[in-house]
Amino acid sequence: MSKNADIRSLTPATPEEMGAALRALREARGMTQSQLAIAAGISRPTVINLERGHGQADNLIRLLKLLGATITVALPARDEDEGEEIGIEL
């Protein structure tokens with residue numbers, strides 16, 4: 001993800017891209033990893049691992065919500081011919 005990426009409309013497709021999106025959002029909010037960890041009640045190494053694309057989804061969701069992100073999960077439609085997606089916002 002480039003430094004110029006618009007964090008308002010990120011669509012990460014891999015765990016690594018999700019970690020980069022988390023990092024970009026944290027930096028845009030002017031927070032350090034330690035500040036985010038304290039605010040979320042988790043350890044700084046957990047934040048580091050999540051920013052590298054590793055870790056538990058519940059921690060990732062907690063951090064993204066804490067940073068004010070809207071999380072949308074796109075699920076493929078049952079009929080692959082239609083090409084529709086169903087969005088779920090958390």
Side-chain angles (χ1 to χ4, degrees):
M1 177 174 354
S2 74
K3 285 273 188 190
N4 299 327
D6 184 354
I7 63 168
R8 293 173 294 175
S9 60
L10 293 174
T11 308
T14 66
E16 292 77 16
E17 289 178 0
M18 182 62 79
L22 172 63
R23 181 172 46 257
L25 187 57
R26 174 183 57 77
E27 290 173 348
R29 300 288 188 266
M31 295 181 80
T32 65
Q33 291 171 331
S34 294
Q35 290 170 328
L36 182 57
I38 290 167
I42 60 176
S43 68
R44 181 172 176 260
T46 298
V47 173
I48 292 169
N49 283 334
L50 288 167
E51 288 187 357
R52 290 180 178 164
H54 307 289
Q56 296 179 337
D58 61 329
N59 285 328
L60 177 62
I61 291 169
R62 179 184 313 156
L63 295 182
L64 290 171
K65 286 180 133 181
L66 184 75
L67 291 168
T70 299
I71 305 160
T72 302
V73 178
L75 303 172
R78 291 180 186 240
D79 184 357
E80 293 181 22
D81 295 334
E82 292 182 25
E84 292 181 46
E85 290 187 347
I86 302 167
I88 300 173
E89 289 195 10
L90 304 175

Applying side-chain contact (heavy atoms from CB on, under 4.5 Å) to Arg26 and not counting sequence neighbours gives Arg23, Met31, Gln33, Leu36, Glu51, Leu67
Results of side-chain hydrogen bond (donor to acceptor under 3.5 Å, both in side chains) for Ser34 - residues two or more places apart only | none
For the residue pair Thr32 and Gln35, what are the closest heavy atoms and their distance?
-> N-OE1, 2.8 Å
Side-chain polar contacts of residues 54-62 - donor-acceptor pairs under 3.5 angstrom, sequence neighbours left out - could you list them?
residue	atom	partner	partner atom	Å
Arg62	NH1	Ala40	O	3.4

In one Ile/Leu/Val/Met/Phe/Trp/Tyr side-chain cluster, 4.5 Å: Ile48, Leu25 | no
